[in-house]
Amino acid sequence: MIKKLLIANRGEIACRIIRTAKRLGIATVAVYSEADRDALHVDMADEAVAIGPAAAAQSYLVMDKIIAAAKETGADAIHPATDPVGERAFAKALKEAGILFVGPNPKAIEAMGDKIESKKLAAKAKVSTVPGHLGVIKDAKEATKIADEIGYPVMIKASAGGGGKGMRIAYSQKEVAEGFTSSQSEAKSSFGDDRVFIEKYIEEPRHIEIQVLGDKHGNVIHLGERECSIQRRNQKVIEEAPSPFIDAKTREAMGAEAVALAKAVHYDSAGTVEFIVDKDRNFYFLEMNTRLQVEHPVTELVTGLDLVEQMLKVASGEKLAIKQKDVKLTGSAIESRIYAEDPVRNFMPSTGRLVRFRPPELGTVDGVTTRLDTGVEEGGEISVYYDPMIAKLVTHAPKRLDAIKQMGRALDSFAIDGFRHNIPFLAVIMRNSRWRDGKISTKFIAEEFPDGFHPPVPEGKVRDALVAVAGSIDHLSNKRRRLITQQMHGEPVRFCEVRLVELGEELIRVSVEGRDYPMTVTLGGEGTGEKVRHIEVNSSWWFGEPVWEGTIGGEQSAVQVRPILNGVMLTSRGVEAAARVLTEREGELMALMPVKEKPDTSKLLLCPMPGLVVSLAVEVGQEVAAGDTLCVVEAMKMENVLKAERDGKVSKILAEPGDSLNVDAVILEFE
Ligand code: ADP
Ligand code: ADP
Ligand code: MG
């Protein structure tokens, strides 16, 4: 067995591997860049080696530095986590250095690393592949000819592609010509390989993949499927196991094909065979990922297996201890990827200090499990250098809907502050009826949020719930003020009854514990006329706690509470509302206050996210037309091209290449 393991990666995946290694009594070595000196994976490992500057290309992706770190610490094995340095070259170099690679053999990686080659192999192993042209396409002319033969729509793909890059859908000859050229240049710049191929675009597709596990003795089993259809721009956001769409017969057929393909390449580790499934449950091989995937926890929760443990064991030469018939799928698991991005601003990456990072309660209660895989902790920093995924929240319950409900609750009580994140977006999806019914496809996000994400306005029961919480917090606040000693440990109110009287627009009279006092609660949204309702609120929340937990009208709820001027900002189920509890007189006076007008930014180009100015495409005095490129800003490994929204003339330039800008910094002004 392995004695000392080096983890050649960072973040949540590195932390997750360290956790299993520790449990198995294996010593661990972390590697870290200058930016990660205080990162969680460094804290968790027994030893840590600095491997250079923040940029991954100069640290985590430099094979020689990682091998040197292993030699220096005497590590006898390296786990690549996800694909840090080109997996194949890495596996080969380690073999030469006499260090064990915790992953498949280099030949299997090579065979599966290329989409064209792996599809050819799959076809040979009698695995159904997406109809298409299994060859490299020379030019746009050949591309349109092939697309005509396949039939529209088609998908143009980079053979070396990954992470949703270099892919284009085309519905016509014209789109094929355009898509071919842009896919080719994106493939060249992202992967240094411009080979492009074309296949049929499967409509209303679902992404369903099979987890396989092999050993060095020729045994391969599968651990069922994961559905990853909730994607944004071909990137997974929410995954689940099992798929609500797959029956036992289809599962068996897909599993058998995945195992056949794995056996064809003598696969000897954990791997994933991805399929695209059409509405009639026909499935087609997409590609194989020869590593531990981000979404592996859902498989672990339904099978009860630890995939990292299995990888470490088979890498050391052990035979698989589990047979296919021993694999039992129990319950349903959901994973949400928590990204440092602003869902409201078109999911732009966001950076900053983790001022607050308080995960929900983890563990198993009444057969329902909540798990968190993360690589960050409170006080840490989200930098521009790495992937914006900061954590994965995973739930498991006997029934799918219960796992979804638990995910909703866990997201509501996950307090993160200091930068923007996608929890409100995920919380809204958890309440989406199409998602709850499992009627999804890879177009789900595009169809349900056609013009981006707009946080839902507080209305109906959510609004009442937030009003009730605001009222009860105000009540506590008065009570605290009345405490003669002013001490925090005075008797907090454990129960209070809030009676709401809506008086149109935004005037709501609340009575707390039988004592009536009129007040206005600014919650936004529209009033619904005169109504009287009773909402019972029960909580032991006290000032300073970021999450209000308790029952509202008998229902278990979590509401995030952040103090703001004269009130609290309340968040629940993706709804955010500023709540101010005022007496009637205060309300009257408040109505007289001038409303702060939003500054006119129509003549400014603002930096949409914190980032680095790469280049400016215009000069002072230059006339620009709508759509012209103005500036390129780099953030989180992505170049963002800022274009002119309308015609105009540049009057001032306030930034220059190399500048590091904050969000909303003015880059240039128009006349
Ligand atoms: P990557 O290497 O970027 O993961 P994949 O080939 O696995 O590329 O495709 C990523 C996603 O793109 C899939 O999950 C699916 O949503 C979509 N996709 C890929 N190929 C097709 C296709 N032929 N028809 C429809 N959707 C596809
Ligand atoms: P869960 O989150 O447990 O899945 P549901 O989505 O089934 O709950 O919703 C139960 C009902 O409670 C819904 O009708 C919903 O509108 C209402 N509700 C919404 N927000 C809240 C809240 N913060 N507290 C209590 N009930 C709420
Ligand atoms: Mg893929």
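Counting starts at 1 for both ligands and their atoms, following the listed order.
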*Kindly indicate whether the side chain of Ser159, heavy atoms from C-beta on, has any atom under 4.5 Å from the side chain of Val136.*
no
*So, Asp278 side chain and Ile202 main chain: donor-acceptor pair closer than 3.5 Å or not?*
no
*Any residue meeting ring pair (Phe, Tyr, Trp, His ring centres under 6.0 Å) with Tyr284, in chain and number order, not counting sequence neighbours*: none
*How many N, O or S atoms of the protein are nearer than 2.8 Å to the Mg ion (ligand 3)?*
2
*Ring centres of Phe449 and Phe425 under 6.0 Å apart?*
yes
*Could you give me the CA-CA distance, side-chain angles and deciding distance for Lys141 and Asp139, then say whether salt bridge (charged side-chain N to carboxylate O under 4.0 Å, His left out) is met?*
CA-CA 5 Å; Lys141 207 173 140 210; Asp139 51 28; over 6 Å; no
*Mind checking ring pair (Phe, Tyr, Trp, His ring centres under 6.0 Å) for Tyr171 and listing every partner two or more places apart, or none if nothing turns up?*
none
*Using heavy atoms and a cut-off under 4.0 Å, could you grab the residues that are in contact with ligand 1, chain by chain, numbers ascending?*
Lys115, Val130, Met155, Lys157, Gly161, Gly162, Gly163, Gly164, Met167, Glu199, Lys200, Tyr201, Ile202, Pro205, His207, Gln231, Asn234, Glu274, Ile276, Leu286, Glu287, Thr442
*Ser33 and Tyr385: side-chain hydrogen bond (donor to acceptor under 3.5 Å, both in side chains), yes or no, with the steps?*
CA-CA 10 Å; Ser33 72; Tyr385 300 108; over 6 Å; no
*Answer yes or no: is there an ion pair linking Glu274 with Lys236, defined by an N-O contact shorter than 4.0 Å?*
yes
*Answer yes or no for Arg281 and Phe245: cation-pi contact, defined as NZ/CZ to six-membered ring centre under 6.0 Å and angle to ring axis within 45°.*
yes
